[in-house]
Peer 1: 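Sharing a structure with you now.
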Amino acid sequence: MKRTPLIAGNWKMFKTCSEAVETAKRLAELAQKITHIDIMIAPPFTSIALVSESLRNINSRVDVGAQNLFYKKEGAYTGEISANMLKSAGVRYVIIGHSERRQYFGETDEDICRKVRASVESNIFPIMCIGETETEKKEEKTLYVLDKQIENGLKGFRSDELATLVIAYEPVWAIGTGNTATPEQAEEVHKYIRSKIGKMFDFSLAENMRILYGGSVKPDNISELMSHQNVDGALVGGASLDADNFIKIVNFNK
Ligand code: PGA
């Protein structure tokens with residue numbers, strides 16, 4: 001089975017509106033001839049609608065994502081953004097449960113589960129992030145941690161509801177540190193995640209699901225990561241902020 005690779009850029013809390021639009025346009029221009037890879041950028045909330053609009057005008061195939069959402073449909077939740085609001089701003093993917101959200105904003109697996117549900121109900125593709133911390137790795141708890149994050153994050157779902165789910169394996173110790181997992185480590189964990197999804201749901205869902213690697217992905221390590229069978233793309237932070245750099249990751253097989 002062939003899964004279309006997804007290279008996703010998480011811009012985190014970087015870029016004003018004009019900077020975001022400028023970078024998105026440059027990326028669209030550079031990505032014009034790419035057909036075999038899905039590309040996504042996730043700007044901060046303030047520039048999502050503007051970026052979507054500018055990409056729509058030039059008929060780009062770069063998709064727009066969000067970095068978070070709140071699971072309620074609407075209501076008195078000051079400062080929050082719903083799935084429908086994201087949809088109306090042109091969002092196709094949403095990153096859910098990034099380790100920075102878990103770590104700095106107290107997100108739990110239960111919140112993440114509700115967010116996955118809200119995104120599926122609004123036809124937005126969820127990218128659910130999982131990954132162990134450095135301490136957990138040292139204590140050899142990686143697989144235990146991933147099991148819990150997957151079991152709790154996807155609790156109560158039927159497999160047909162998860163057809164658009166993307167999982168991003170992001171070891172916390174690799175994010176923004178320059179310490180990428182070796183391609184072999186990533187492959188081993190991705191293989192484990194796929195078999196876990198197969199056992200929890202069904203094997204064809206697992207076989208079709210894209211599992212991205214994230215954590216210090218750069219132009220010079222992407223090809224090797226992507227050469228492994230169970231690595232279906234990357235979630236890229238720092239190296240996605242500059243379009244000319246990010247396109248080198250998108251063009252990993254060149
Ligand atoms: P990084 O971030 O590429 O800067 O390590 C990855 C992420 O947080 O998704």
Side-chain angles (χ1 to χ4, degrees), residues 4-68 86 89-95 98-101 104 125 127 129 131 166 168-181 183 186 210 212-227 231-254:
T4 307
L6 169 62
I7 305 291
N10 172 11
W11 287 356
K12 307 193 179 183
M13 200 174 73
F14 290 98
K15 295 189 190 294
T16 60
C17 291
S18 58
E19 288 165 349
V21 168
E22 201 180 308
T23 310
K25 281 187 176 162
R26 173 73 183 147
L27 181 65
E29 186 188 318
L30 295 167
Q32 251 167 14
K33 296 213 171 72
I34 295 170
T35 52
H36 53 295
I37 292 165
D38 291 339
I39 310 165
M40 182 277 266
I41 44 174
F45 284 137
T46 42
S47 35
I48 287 178
L50 284 169
V51 166
S52 298
E53 187 67 24
S54 64
L55 292 177
R56 200 174 311 127
N57 288 339
I58 51 178
N59 202 16
S60 161
R61 48 176 308 284
V62 175
D63 286 316
V64 179
Q67 301 172 20
N68 184 28
L86 293 179
V91 160
R92 186 173 174 88
Y93 295 90
V94 60
I95 300 168
H98 189 280
S99 64
E100 287 150 16
R101 302 248 16 122
Y104 305 134
F125 296 8
I127 302 181
C129 302
V166 176
Y169 169 56
E170 299 205 301
V172 180
W173 48 268
I175 297 178
T177 57
N179 297 326
T180 335
R210 291 184 291 187
L212 314 183
Y213 170 78
S216 299
V217 174
K218 302 272 177 319
D220 62 7
N221 57 24
I222 184 71
S223 308
E224 220 193 319
L225 283 161
M226 293 300 293
S227 70
V231 181
D232 305 311
L235 182 54
V236 186
S240 72
L241 291 169
D242 177 86
D244 291 81
N245 196 44
F246 188 47
I247 199 71
K248 293 182 194 151
I249 298 179
V250 175
N251 273 322
F252 62 86
N253 54 0
K254 290 255 161 70

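The structure presented is a predicted model; accordingly, all values stated were derived computationally and were not measured.
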Peer 1: Of all residues at least two apart in sequence or in a different chain, which pass the side-chain contact (heavy atoms from CB on, under 4.5 Å) check with A168?
Peer 2: I127, C129, E170, L212, L235
Peer 1: Which atoms form the tightest heavy-atom contact between A66 and V91, and what is the distance?
Peer 2: N-CG1, 4.1 Å
Peer 1: When rounded to the nearest 0.5 angstrom, what distance separates CG in D38 from CG in D232?
Peer 2: 11.0 Å
Peer 1: Can you sort out the partners of D244 under salt bridge (charged side-chain N to carboxylate O under 4.0 Å, His left out), two or more places apart, ordered by chain and number?
Peer 2: R26
Peer 1: Are side-chain heavy atoms of P44 and M13 found at a separation under 4.5 Å?
Peer 2: no
Peer 1: Just jot down the salt bridge (charged side-chain N to carboxylate O under 4.0 Å, His left out) partners of E22, sequence neighbours excluded, or say none.
Peer 2: none
Peer 1: For residues T177 and S216, report the shortest heavy-atom separation together with the two atoms involved.
Peer 2: N-OG, 3.4 Å
Peer 1: Does the side chain of I7 reach to within under 4.5 Å of the side chain of F246, using non-hydrogen atoms?
Peer 2: yes
Peer 1: Could you give the distance from CD1 (I175) to NE2 (H98), rounded to the nearest 0.5 Å?
Peer 2: 4.5 Å
Peer 1: For the OG atom of S240 and the CD1 atom of I39, what is their distance to the nearest 0.5 Å?
Peer 2: 12.5 Å
Peer 1: Restricting to non-hydrogen atoms, name the atom on A181 and the atom on A174 that form the minimum distance, rounded to 0.1 Å.
Peer 2: N-CB, 4.4 Å
Peer 1: With rounding to the nearest 0.5 Å, note down the distance linking CG in N221 to CE in M226.
Peer 2: 12.0 Å
Peer 1: Just wondering, do L55 and R61 contact through their side chains at under 4.5 Å, heavy atoms?
Peer 2: no
Peer 1: Quick check on side-chain contact (heavy atoms from CB on, under 4.5 Å): which of L86, V64, D63 does R92 satisfy it with?
Peer 2: D63
Peer 1: Identify the heavy atoms of T180 and G215 that sit nearest to each other, and give their distance.
Peer 2: CG2-O, 3.3 Å
Peer 1: Can you sort out the partners of F14 under side-chain contact (heavy atoms from CB on, under 4.5 Å), two or more places apart, ordered by chain and number?
Peer 2: K12, L241
Peer 1: Mind checking side-chain contact (heavy atoms from CB on, under 4.5 Å) for N245 and listing every partner two or more places apart, or none if nothing turns up?
Peer 2: P219, A239, D242, K248
Peer 1: Working to the nearest 0.5 angstrom, can you tell me the gap between F125 CZ and R210 CZ?
Peer 2: 7.0 Å
Peer 1: Looking only at heavy atoms, what is the nearest atom pair of G90 and R56, with distance?
Peer 2: CA-NH2, 4.4 Å
Peer 1: Would you check if I34 and H36 make a side-chain contact, meaning some heavy-atom pair closer than 4.5 Å?
Peer 2: yes
Peer 1: Return yes if a side-chain donor-acceptor contact under 3.5 Å exists between K15 and T23, otherwise no.
Peer 2: yes
Peer 1: Taking all atoms of both residues into account, what is the closest heavy-atom pair of F252 and I37, and its distance?
Peer 2: CE2-CD1, 3.6 Å
Peer 1: Would you call Y169 and V231 a side-chain contact if the rule is heavy atoms closer than 4.5 Å?
Peer 2: no
Peer 1: Looking at residues at least two apart in the chain, or sitting in another chain, which of them share a side-chain contact (heavy atoms from CB on, under 4.5 Å) with L50?
Peer 2: C17, V21
Peer 1: Are the side chain of Q67 and the backbone of A42 linked by a donor-acceptor contact shorter than 3.5 Å?
Peer 2: yes
Peer 1: Side chains of I95 and M40: closer than 4.5 Å at any heavy-atom pair?
Peer 2: yes
